[in-house]
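The structure appears right after this line, and notes come after that.
Just so it is clear, the values below take in all heavy atoms, side chains as well, and ignore hydrogens, waters and symmetry mates. Quick caveat, the model's predicted, so the values are computed rather than measured.
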Amino acid sequence: MTGTPSAQTVESLGEKIERMIKQLPEHDVTLLEIMDIVGNDGLLLLTVLLSLIFLVPVSIPGVSTVFGSAILLIGITRLLSRKLWLPAKIGQRRLPAAKLAAGFAQALSWFHRLEKISKPHRLGFFTESAVFNLLNNMALILAAVLLMMPFGLIPFSNTFPAVAVIFLAIGMMQRDGGSVLLGHLANVATIAYFAALVFGGVAAAGMAVGA
């Protein structure tokens, strides 16, 4: 008598990302090569992977521009229901794979915490409604634009929009309206933070001029 075959184990998002990180080459890597590693797992999972690096303080010149541009194009692609196209300048920009892998690995512990907050099919209206799908994709585009803002040397300036991207992507992948709402809130927090930075800078400049 034969036993009942066990159900195939399904990888969690964190396990998929860990596997992708292990597949990075030893030296330089391009965004197109990262996309090949992600394979059929989808563009939203790619946005999560590209956002992880901003959860920890890793200094890699050009990363916010390259990864932010890619996330922006993914958001536009989803909004217009088109196939993803990357300009050669973005897709073929070479980045240090070792530093990226180290940054991704450090950020995974934070991602696992964010991942635990998500519950598939929670508040499904916010991911299944056509209107909210439009708003969610627009929010993903906004988060990418905020990620590319020239505040890279200021603490948390990349972290807040990266968290927004991660929550939005996880929410849309898992049909979790609660996670999507957290992504929208992270966008609002980012805008408030940037506004405070600009206001503080203008106020400081005014005081310097008046002194």
### Query
Taking all atoms of both residues into account, what is the closest heavy-atom pair of Ile170 and Ser118, and its distance?
CG2-OG, 3.5 Å
### Task
Classify the ring geometry between Phe67 and Phe54 as parallel (under 30°), tilted (30 to 60°) or perpendicular (over 60°).
perpendicular
### Task
Only counting residues at least two apart or in another chain, list the ones meeting ring pair (Phe, Tyr, Trp, His ring centres under 6.0 Å) with Phe111.
none
### Task
Step through the shown structure and confirm whether more than 12 heavy atoms of other residues, nucleotides or ligands are within 6.0 Å of CZ on Phe194.
yes
### ILVMFWY cluster membership beyond Val188 - transitive side-chain contacts under 4.5 angstrom
none
### Task
Determine, using the 4.5 Å side-chain heavy-atom cutoff (strictly less than), whether Met172 and Leu135 are members of one ILVMFWY cluster.
no
#### Entry: Side-chain hydrophobic cluster, 4.5 Å single linkage: members besides Leu80
Leu72, Ile76, Leu79, Leu134, Met138, Ile141, Val145, Met148
### Message
Using every non-hydrogen atom in the two residues, find where Ile53 and Gly103 come nearest and quote the distance to one decimal.
### Response
CD1-CA, 3.5 Å
### Query
Taking all non-hydrogen atoms of both residues, which atom of Asp28 and which atom of Pro96 are closest, and how far apart?
OD1-CA, 3.9 Å
## Note on the structure
Distance col, row Leu32:CG vs Ile90:CD1, nearest 0.5 angstrom, shows 10.0 Å
### side chain to side chain donor-acceptor pair (under 3.5 Å) against Glu33, all qualifying residues, sequence neighbours excluded
none
### Task
Determine, using the 4.5 Å side-chain heavy-atom cutoff (strictly less than), whether Phe126 and Leu142 are members of one ILVMFWY cluster.
no
### Straight-line distance of Met149 CE to Leu197 CG, nearest 0.5 Å
10.0 Å
### Task
Rounded to the nearest 0.5 Å, what's the gap from CG on Leu147 to OG on Ser64? Could you check?
6.5 Å
### Query
Excluding sequence neighbours, so at least two apart, what forms side-chain contact (heavy atoms from CB on, under 4.5 Å) with Thr65?
Ser69
### Taking every non-hydrogen atom, the tightest pair across Leu45 and Lys16
CD2-CD, 3.9 Å
### Message
Under the side-chain hydrogen bond (donor to acceptor under 3.5 Å, both in side chains) definition, can you give me all pairs with a residue in residues 177-192, not counting sequence neighbours?
### Response
Asn136-His184
### Message
Could you see if Met35 belongs to whatever hydrophobic cluster contains Phe104? Use Ile, Leu, Val, Met, Phe, Trp, Tyr and a side-chain cutoff under 4.5 Å.
### Response
yes
### Task
Using the test salt bridge (Lys or Arg N to Asp or Glu O under 4.0 Å), find all partners of Arg78 that sit at least two apart in sequence or belong to another chain.
none
### Query
Does any non-hydrogen side-chain atom of Val48 lie less than 4.5 Å from one of Ile17?
yes
### Query
Do the side chains of Leu44 and Ile37 join up, straight or via other hydrophobic residues, at under 4.5 Å, putting them in one cluster?
yes
### Query
Do other residues, nucleotides or ligands put more than 12 heavy atoms under 6.0 Å from the CZ atom of Arg82?
no
### Task
Tell me, please, which residues at least two apart from Thr159 pass side chain to side chain donor-acceptor pair (under 3.5 Å).
none
### Task
Could you verify whether a donor N or O on one side chain and an acceptor N or O on the other, from Glu15 and His112, lie under 3.5 Å apart?
no
### Message
When you compare the side chain of Val29 with that of Arg94, does any pair of heavy atoms fall below 4.5 Å?
### Response
no
#### Entry: With sequence neighbours excluded, residues passing side-chain contact (heavy atoms from CB on, under 4.5 Å) with Pro120
Gln174
### Qualifying residues under side-chain contact (heavy atoms from CB on, under 4.5 Å), relative to Thr77, sequence neighbours excluded
Leu43, Leu84
### Query
Do Leu24 and Ile34 come close enough that some side-chain heavy atom pair is under 4.5 Å?
yes
### Task
For Ala164 and Ala143, work out which heavy atoms get closest and say how close.
CB-CB, 4.0 Å
### Query
Taking only residues two or more places apart in sequence, or in another chain, which ones meet Phe199 in a side-chain contact (heavy atoms from CB on, under 4.5 Å)?
none
### Task
In sequence, state the C-alpha distance, the side-chain angles, and the governing distance for Glu18 and Leu108, and then conclude on side-chain contact (heavy atoms from CB on, under 4.5 Å).
CA-CA 8 Å; Glu18 288 175 357; Leu108 268 176; 3.3 Å; yes
### Task
Might you work through the side-chain contact (heavy atoms from CB on, under 4.5 Å) test for Ile166 and Leu55, ending with a clear yes or no?
CA-CA 10 Å; Ile166 289 172; Leu55 296 185; 3.8 Å; yes
#### Entry: Which atom of Met20 lies closest to which atom of Leu49, heavy atoms considered
SD-CD2, 4.2 Å
### Task
List the steps, then state whether side-chain contact (heavy atoms from CB on, under 4.5 Å) holds for Val66 with Leu50.
CA-CA 9 Å; Val66 175; Leu50 298 182; over 6 Å; no
### Message
Does anything in residues 120-134 form a side-chain hydrogen bond (donor to acceptor under 3.5 Å, both in side chains)? List the pairs, not counting sequence neighbours.
### Response
Arg122-Asp176
### Query
Leu168 and side chain to side chain contact (heavy atoms under 4.5 Å, CB included): which partner among Leu181, Thr47, Val180?
Val180
### Query
In the single-linkage hydrophobic clustering (I, L, V, M, F, W, Y; side-chain heavy atoms under 4.5 Å), do Phe125 and Val131 co-cluster?
yes
